[in-house]
Structures are given as structure tokens and as C-alpha cells.
Amino acid sequence: MLDLSNKINLYIKRNKISNILLSISGGVDSIVLFHILQKIAQKQNNIQISVYHINYNLHKYSTDAYKLCLYYANKYNIIMYEDSVSIPSNNFECNAREIRYKNLRKISKNYSFD
């Protein structure tokens, strides 16, 4: 984990990133990445993190995942952008990705995220 944290920190420094929008699902991978970024941001005062969560309302744990993301955003006093959508099951992954990326681009542009 430390090696990954160091690699991410080095990437942030090399690319002069200071305003990060992280898309989080509430799953293990995105929450671990959130914690890594949060620790880096705590060490470096010049990094601002916000998160984005999109609830696809796909399964019975969708609301739990949303609540987990909201919990961490509130715990660390981080802005959380959010959407809730319903997508037909045919070609779900492709449609979900398109919606997520479109929303992330819009938020990034409106709030000048790196």
C-alpha cells in the first residue's frame, strides 16, 4: 500500500495537481483510493479533494453505498457531488460509463478540477 501511495503522491507532484475530483462508488477500490488521497492531502495543504457518487439504483445495496460515500465526505468535510439515475439493463456498463463521464466532465469544468 505504501508503494501505491508513494506513486500516487509522486504523480500528483509531477503533474502539479491540487484540485482533485474523485469518483467513488462505495466499493472497496474507490474507498481505498479515497483514503490514500485523503492522507496525501492531509500532509500537503495545497491539495483539495472533492468526491462524486452516482447511484445507479441497480441493487439492494445501492443506498448503502451512497450512505458510505456521504459518511466519508462528511467525516473529512469534503464536498460530495451526487447523482441518482436509473438505466435500462441492456448495455448497462456502457451507458453507465457514458453518464458518469459526462457528469464528471461537467463538474470538472464548472469547478476547475485538475
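Quick caveat, the model's predicted, so the values are computed rather than measured. Every heavy atom of this structure was used, including side-chain atoms; hydrogens, water molecules and symmetry mates were not.
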task = State, with a plain yes or no, whether a side-chain heavy atom of I49 is found less than 4.5 Å away from one of Y76.
result = no
key: Considering all heavy atoms, the nearest S25-G27 contact   = OG-N, 3.0 Å
Check: D83/Y52 side-chain N/O donor and acceptor closer than 3.5 Å = yes
inquiry  = Evaluate Y81 against L104 for side-chain contact (heavy atoms from CB on, under 4.5 Å), listing each step before the verdict.
reply    = CA-CA 9 Å; Y81 302 91; L104 284 166; over 6 Å; no
query = Step by step, would you call I36 with V32 a side-chain contact (heavy atoms from CB on, under 4.5 Å)?
reply = CA-CA 6 Å; I36 290 171; V32 168; 4.1 Å; yes
request  = Check whether any side-chain N or O of N57 sits under 3.5 Å from a backbone N or O of V85 as a donor-acceptor pair, and report yes or no.
outcome  = yes
key: Interatomic spacing from CZ in F34 to NZ in K39 - rounded to 0.5 Å   = 11.5 Å
ask   = Is the closest side-chain heavy-atom distance between F113 and R105 below 4.5 Å?
value = no
request  = Would you indicate whether the side-chain heavy atoms of L37 and I8 approach each other to under 4.5 Å?
outcome  = yes
ask   = When clusters are formed by joining ILVMFWY residues with side-chain heavy atoms under 4.5 Å apart, either directly or through shared neighbours, do I78 and L68 land in the same one?
value = yes
message = Is there a continuous path of hydrophobic side-chain contacts, each under 4.5 Å between heavy atoms, that joins V28 to L33?
response = yes
inquiry  = Within the 3.5 Å criterion, strictly below it, is a donor on D114 or N19 matched to an acceptor on the partner's side chain?
reply    = no
ask   = Can Y71 be reached from Y66 by stepping across I, L, V, M, F, W or Y side chains whose heavy atoms are under 4.5 Å apart?
value = yes
In one Ile/Leu/Val/Met/Phe/Trp/Tyr side-chain cluster, 4.5 Å: I20, I107 = no
message = So for atom CD1, which belongs to I79, do other residues, nucleotides or ligands contribute more than 12 heavy atoms lying within a distance under 6.0 Å?
response = no
message = I need the minimum non-hydrogen distance between S30 and L22, along with the two atoms involved.
response = O-CD2, 4.2 Å
query = Does a donor on one side chain and an acceptor on the other come within less than 3.5 Å for T63 and N55?
reply = no
request  = Any chance you could measure S50, atom OG, to I24, atom CD1, to the nearest 0.5 Å?
outcome  = 10.5 Å
ask   = What about L4 and I31, same hydrophobic cluster or not, with Ile/Leu/Val/Met/Phe/Trp/Tyr joined at side-chain heavy-atom distances under 4.5 Å?
value = yes
key: Distance in Å, H59 NE2 paired with D64 CG, rounded so as to fall on 0.5 Å steps   = 9.0 Å
note = Of all heavy-atom pairs linking C69 and H53, the shortest is SG-ND1, 3.5 Å
task = Please test H35 against Y72 for ring pair (Phe, Tyr, Trp, His ring centres under 6.0 Å), starting from the C-alpha separation and ending with a verdict.
result = CA-CA 9 Å; H35 281 292; Y72 281 118; 4.8 Å; yes
ask   = Would you say the side chain of Y11 lies within less than 4.5 Å of the side chain of I17, judging by non-hydrogen atoms?
value = yes
remark   = CG of N9 to CZ of R14, rounded to nearest 0.5 Å, is 11.0 Å
remark   = Rounded to the nearest 0.5 angstrom, the CD1-CD distance for I87 and E98 is 9.5 Å
task = Might you point out which heavy atoms bring I54 and N103 nearest each other, and give the distance in Å?
result = CD1-ND2, 4.0 Å
task = I would like to know whether Y56 and R100 meet side-chain contact (heavy atoms from CB on, under 4.5 Å); could you show each step before the answer?
result = CA-CA 10 Å; Y56 297 108; R100 183 174 62 250; 2.8 Å; yes
inquiry  = What verdict does the side-chain contact (heavy atoms from CB on, under 4.5 Å) test give for M80 and N74, after you've listed the backbone C-alpha separation in whole Å, the side-chain angles of each residue and the deciding distance to 0.1 Å?
reply    = CA-CA 8 Å; M80 181 167 127; N74 289 332; over 6 Å; no
